[in-house]
Amino acid sequence: QVQLVESGGGSVQAGGSLRLSCVASGSTYSRYYLGWFRQAPGKEREGVASIDTEDNTNYSDSVKGRFAISRDNAKNTLYLQMNSLKPEDTATYYCAARLRGGAWYYRPLYTANYDYWGQGTQVTISS
């Protein structure tokens, strides 16, 4: 069982920045396939960014060039640096983990490809 705990959410004005963190349990963190997702009220959960065990990354078109995902295996921590934030980025942000690659590589931003989820952290961007 993997436990994930997000932090770093908050309220900022458009154009600002936030950095989200997600601490994971487990001694094999370096082998986890990881992702950030978000869900706005009334909308489906959508993939934002993913990172594999070799630090290869993927981003949704809506955040490409503004967000950066990274991981620190020594700290069992996943990050999401969010810059140039827009009101449409307002959502609850979740981190997620998967213990095996395989099908993950075909759709790294697909919610069904993840086995473990955090409780979420709220991000609110005002105009």
Side-chain angles (χ1 to χ4, degrees):
Q1 190 76 8
V2 175
Q3 294 185 329
L4 304 169
V5 180
E6 303 98 335
S7 63
S11 298
V12 298
Q13 289 190 327
S17 298
L18 282 173
R19 188 175 82 156
L20 306 182
S21 300
C22 173
V23 179
S25 65
S27 60
T28 58
Y29 179 80
S30 63
R31 301 178 189 175
Y32 297 174
Y33 296 79
L34 302 165
W36 284 101
F37 291 75
R38 67 186 181 186
Q39 187 166 19
K43 295 188 176 181
E44 292 187 356
R45 190 169 298 188
E46 64 171 349
V48 173
S50 68
I51 187 167
D52 71 4
T53 59
E54 301 296 326
D55 287 349
N56 296 303
T57 59
N58 279 284
Y59 297 92
S60 67
D61 288 343
S62 61
V63 307
K64 199 172 294 183
R66 299 188 298 122
F67 290 12
I69 187 172
S70 62
R71 63 192 296 167
D72 186 336
N73 292 335
K75 296 182 179 179
N76 277 25
T77 302
L78 177 71
Y79 301 100
L80 185 68
Q81 178 66 44
M82 305 187 295
N83 300 324
S84 301
L85 284 160
K86 304 175 181 180
E88 51 263 43
D89 294 319
T90 295
T92 300
Y93 283 71
Y94 300 88
C95 64
R98 176 185 170 101
L99 303 185
R100 305 169 311 280
W104 181 91
Y105 280 102
Y106 292 99
R107 298 183 69 180
L109 299 180
Y110 184 43
T111 56
N113 276 340
Y114 290 82
D115 304 312
Y116 303 98
W117 293 84
Q119 83 291 347
T121 185
Q122 178 66 36
V123 171
T124 303
I125 311 303
S126 58
S127 58

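All figures in this text were calculated on a predicted structure; none of them were measured in a lab.
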Quick check: do Asp89 and Arg66 have side-chain heavy atoms less than 4.5 Å from each other?
yes
For the side chain of Trp117 and the backbone of Leu4, is there at least one donor-acceptor N/O pair under 3.5 Å apart?
no
Measuring only between side-chain heavy atoms, which start at C-beta, is Tyr59 closer than 4.5 Å to Ile69?
yes
As an exercise, state the distance from CZ of Arg100 to CG of Asn113, rounded to the nearest 0.5 Å.
9.5 Å
Might you work through the side chain to side chain contact (heavy atoms under 4.5 Å, CB included) test for Tyr94 and Leu20, ending with a clear yes or no?
CA-CA 10 Å; Tyr94 300 88; Leu20 306 182; over 6 Å; no
Kindly say whether Ser7 contributes a backbone atom to a donor-acceptor pair with the side chain of Thr121 at under 3.5 angstrom?
no
Backbone of Ala24 reached by a side-chain donor or acceptor of Asn76 within 3.5 Å:
yes
Which heavy atom of Thr53 sits nearest a heavy atom of Ser30, and at what distance?
CG2-O, 3.4 Å
Between Ser70 and Ile51, which heavy-atom pair has the shortest distance, and what is it?
CA-CD1, 4.0 Å
Between Glu6 and Cys95 (side chain of the first, backbone of the second, donor and acceptor by atom type, cut-off under 3.5 Å), is there such a pair?
yes
Among side-chain atoms of Tyr105 and Asp52, is any donor-acceptor pair under 3.5 angstrom?
yes
Thr90/Gln122 under side chain to side chain contact (heavy atoms under 4.5 Å, CB included): CA gap, chis, key distance, verdict:
CA-CA 8 Å; Thr90 295; Gln122 178 66 36; 4.1 Å; yes
Dump the intermediate steps for ring-ring contact (aromatic ring centres under 6.0 Å, His included) on Tyr32 and Tyr116, then the final yes or no.
CA-CA 10 Å; Tyr32 297 174; Tyr116 303 98; 7.8 Å; no
According to a hydrophobic-cluster definition based on side-chain heavy atoms being under 4.5 Å apart (Ile, Leu, Val, Met, Phe, Trp, Tyr only), do Tyr79 and Leu18 belong together?
no
Arg98 side chain to Tyr33 main-chain N or O, any donor-acceptor pair under 3.5 Å?
no
Under 4.5 Å between side-chain heavy atoms, hopping through other hydrophobics if needed: is there a path connecting Val5 to Tyr93?
no
So do the side chains of Ser21 and Lys75 get within less than 4.5 Å of each other, counting heavy atoms only?
no
Spatial distance of atom OG1 (Thr57) from atom CG (Leu34) [nearest 0.5 Å]:
12.5 Å
To the closest 0.5 Å, what do you measure between CD1 (Ile125) and OG (Ser84)?
11.0 Å
Taking all atoms of both residues into account, what is the closest heavy-atom pair of Ala49 and Leu80, and its distance?
CB-CD1, 4.2 Å
Atom of Ala14, atom of Ser127 and distance for their closest heavy-atom approach
CB-CA, 4.3 Å
Would you please classify the geometry between the Tyr114 ring and the Phe37 ring as parallel, tilted or perpendicular, with 30° and 60° separating the classes?
perpendicular
The reported gap from CE in Met82 to CZ in Arg19 (rounded to nearest 0.5 angstrom) is 11.5 Å
Less than 6.0 angstrom from the centroid, inside 45 degrees of the normal: does Arg71 satisfy that with respect to the ring of Tyr29?
yes
How long is the gap from CD on Gln1 to CG on Asp115, to the nearest 0.5 Å?
10.0 Å
May I ask you to test the Tyr110-Trp104 pair for a side-chain heavy-atom distance under 4.5 Å?
no
For Gln3, look at atom CD and say whether over 12 heavy atoms of other residues, nucleotides or ligands are found less than 6.0 Å away.
no
Let me see the working for Val63 and Arg38 under side chain to side chain contact (heavy atoms under 4.5 Å, CB included), right down to the final yes or no.
CA-CA 11 Å; Val63 307; Arg38 67 186 181 186; 3.9 Å; yes
Leu109 versus Ser60, closest heavy-atom pair with distance
CD1-N, 3.7 Å
Counterpart residues, salt bridge (Lys or Arg N to Asp or Glu O under 4.0 Å), relative to Lys64 (two or more places apart)
Asp61
